Amino acid sequence: MKQSVIIKKIKSISLMLLLLSALFTLHAYDNTMHMIVNASENNDNVRTEYNEYLKRLDSISSISDISSAGFRVISNQIFPIELARYGEVSLIPAFERKYNRLALFFADENENVIYKTEQLETNHRVAGQMKQPACDIAAVSFRDLDQDGRMDIILITACADESGYYGGETYKLGDVLFQKKNDVGFYRDYRIADKINRFGMSKSAEMITAFVRDDRSTEFLYTATTLRELQSHGLYIITDQCYFRDFEKLGRLQVVPGTYRISNYDVFMIFLVNEQGNIVSSLQPMGDYDNLYALKSIQCRDIDGDSLKDIVILARYSYEGEEGQLVVESDYSIYYQRTGGFSADTDIKNTYKCSDDDTMEVLVEKARAYWGWQSTGEVSSN
């Protein structure tokens, strides 16, 4: 009798579980369908906009059609290039006014457009939408990158997102168009563009050339897992600033600053390596500068008052000025120790710009003052 009651209860519980499961599945199905419908509607809108945009692009058959089709020609970036079967033609870049998409037009001596393309990296910066970040052309260069006797195109655009973490900041996007051998036009390899931009090789045409033609790459700086691997690829370690420190949340780590030479650029990074030689974290204090000019100091000090050692880097960096001159200036970076690694400071950097006269002592004192520390007049080395 007891067994019969137990069996009935088990069946009742099983039925309830089955009903709950069905209700959960139905709810999940409804949510999924809602997302699919919304996504489908959004895709339909984008598809409609893109088809309308392509129709205007396809209608352009001469230089005079470019403006009337809704494109803005970048007149100071028009260059001659040798194109298969046509000889010398004009490369004319133009931005579509409504969606800010870039197109390249190639016109002959009679101003007829013989080839055009909008399949460019800068048009895919924000996936799934027509409008792209505001941008301008930073550089156009012609080089035989695949060494087939034909000129290829290196294209670098300067972009700025309207919002998000990097909202308002300008960054460069690199792209390469290879000239076809047996046909008129160019083709792209999206994998090359992906690596150029993901691993910081979009600074100049020289750096892109070093990667594409000469097989030099900064990729290992971001993908290496051990210090030995970094060294095997040619990382130069700045030994006088290399040392072990005990980090409260992360254990005993070696602070390893180093540079890697690619083209005429010295890429500077700092790696945190455990006692087994494995890379735990990496820092990129150089930002958008071209080169490390001189590393002044690295200190591991508590900056924000949480009793955890943070990392402060003071260095001099160089970059090319607007007129091609070499510009050298001092800058700093602060990385706060957190449970899972280090977090780069943005707050202090927005309020204080260091000068060439600033020392590490002055910098640490000002950074601590930002967090409410009273000055003690003492800053120890590391």
Side-chain angles (χ1 to χ4, degrees), residues 126-127 161 163-169 171 194-195 197-201 217-233 235 237-238 241-260 267-289 292 295 297-315 317 331-352 360 363-364 366-373 379-382:
V126 182
D161 295 330
S163 59
Y165 185 79
Y166 295 103
E169 293 186 16
Y171 56 90
D194 174 65
K195 288 193 175 185
N197 297 299
R198 188 148 49 101
F199 302 120
M201 294 183 285
S217 176
T218 59
E219 181 175 355
F220 78 94
L221 295 172
Y222 303 88
T223 60
T225 58
T226 66
L227 179 58
R228 179 176 294 181
E229 187 178 350
L230 289 173
Q231 291 177 292
S232 70
H233 281 87
L235 180 74
I237 296 176
I238 306 173
Q241 296 281 345
C242 183
Y243 47 75
F244 274 96
R245 286 293 176 269
D246 290 316
F247 292 95
E248 295 75 9
K249 294 286 186 180
L250 305 170
R252 183 171 172 79
L253 300 176
Q254 186 179 18
V255 180
V256 183
T259 60
Y260 175 68
V267 180
F268 171 53
M269 290 181 64
I270 297 175
F271 300 90
L272 302 174
V273 183
N274 64 21
E275 294 181 290
Q276 291 73 44
N278 299 315
I279 299 170
V280 173
S281 185
S282 63
L283 313 176
Q284 303 172 44
M286 192 170 79
D288 292 329
Y289 291 105
L292 173 69
L295 177 58
S297 180
I298 302 176
Q299 286 205 359
C300 303
R301 306 283 295 167
D302 180 15
I303 298 298
D304 56 355
D306 61 358
S307 299
L308 303 177
K309 290 188 189 73
D310 307 309
I311 299 178
V312 186
I313 302 105
L314 178 61
Y317 302 102
D331 204 348
Y332 69 95
S333 297
I334 300 173
Y335 294 88
Y336 301 110
Q337 186 184 167
R338 301 291 183 250
T339 301
F342 288 86
S343 175
D345 166 81
T346 55
D347 297 331
I348 299 177
K349 292 274 287 187
N350 289 332
T351 61
Y352 180 71
M360 178 61 80
L363 184 59
V364 170
K366 287 184 177 294
R368 285 179 163 181
Y370 177 88
W371 290 101
W373 288 49
V379 177
S380 64
S381 59
N382 303 311

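All of these numbers come straight from a predicted model, not from anything done at the bench. These values consider heavy atoms only, across backbone and side chains, with no hydrogens, waters or symmetry-generated copies.
Of all heavy-atom pairs spanning I348 and Y370, the tightest one is CG1-CD2, 3.5 Å. The nearest pair of heavy atoms linking L250 to T339 is CD2-O, 3.6 Å. When all heavy atoms of C300 and R245 are compared, the pair lying nearest together is SG-CG, 3.9 Å.
Around atom NZ of K195, no more than 12 heavy atoms belonging to other residues, nucleotides or ligands sit under 6.0 Å away.
A heavy-atom distance below 4.5 Å is not found between the side chains of I270 and Y335. Between F268 and I238, some side-chain heavy-atom pair lies under the 4.5 Å cut-off. Put simply, the side chain of I237 does not reach to within 4.5 Å of the side chain of F271, judged on heavy atoms. Contact annotation: the side chain of F247 approaches that of V255 to within less than 4.5 Å [non-hydrogen atoms, C-beta and beyond].
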Give the intermediate values and the outcome of side-chain contact (heavy atoms from CB on, under 4.5 Å) for residues T225 and N278.
CA-CA 6 Å; T225 58; N278 299 315; 5.8 Å; no

Show, in sequence, the C-alpha distance, side-chain angles and deciding distance for V256 and L230, and conclude whether the side-chain contact (heavy atoms from CB on, under 4.5 Å) test is met.
CA-CA 11 Å; V256 183; L230 289 173; over 6 Å; no

Test side-chain contact (heavy atoms from CB on, under 4.5 Å) applied to Y260 and M269, step by step:
CA-CA 9 Å; Y260 175 68; M269 290 181 64; over 6 Å; no

Kindly indicate, with the supporting measurements, whether the criterion side-chain contact (heavy atoms from CB on, under 4.5 Å) is fulfilled by V267 and F199.
CA-CA 11 Å; V267 180; F199 302 120; over 6 Å; no

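Distance alone, capped at 3.5 Å, places no donor-acceptor pair between the K249 side chain and the K309 backbone. Not one N or O on the side chain of T218 forms a donor-acceptor pair closer than 3.5 Å with the backbone of L221. No donor-acceptor pair under 3.5 Å is formed between the side chain of S281 and the backbone N or O of L272. Using a distance-only test at 3.5 Å, with no hydrogens or angles considered, a donor-acceptor pair links the side chain of D310 to the main chain of Q337. The closest donor-acceptor contact from the side chain of N350 to the backbone of T346 lies under 3.5 Å. Under the 3.5 Å distance criterion, the side-chain polar atoms of R368 are matched with a main-chain donor or acceptor of D302. The closest donor-acceptor contact from the side chain of D345 to the backbone of K349 lies under 3.5 Å. Q241 contributes a side-chain N or O that, together with a main-chain N or O of I298, makes up a donor-acceptor pair within less than 3.5 Å.
Using cut-offs of 30° and 60° on the angle between ring planes, the pair Y336 and W371 is perpendicular. Aromatic ring pairs are classed by plane angle as parallel below 30°, tilted from 30° to 60° and perpendicular above 60°; the pair F220 and H233 is parallel.
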Taking distance alone, no hydrogens or angles, what donor-acceptor pairs closer than 3.5 Å link side-chain atoms of residues 282-289 to residues at least two apart or in another chain?
unit_1	atom_1	unit_2	atom_2	d
Y289	OH	E329	OE2	2.7
Y289	OH	D331	OD2	2.9

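Of the inter-residue distances, the one linking I313 atom CD1 with Q299 atom CD reads 11.0 Å to the nearest 0.5 angstrom. I279 contributes atom CD1, which lies 8.5 Å from atom OG1 of T223 (distance to the nearest 0.5 angstrom). To the nearest 0.5 Å, the span separating CG on L314 from CD1 on I334 amounts to 10.5 Å.
Take R338 and apply the salt bridge (charged side-chain N to carboxylate O under 4.0 Å, His left out) test, not counting sequence neighbours, and it matches D304, D306.
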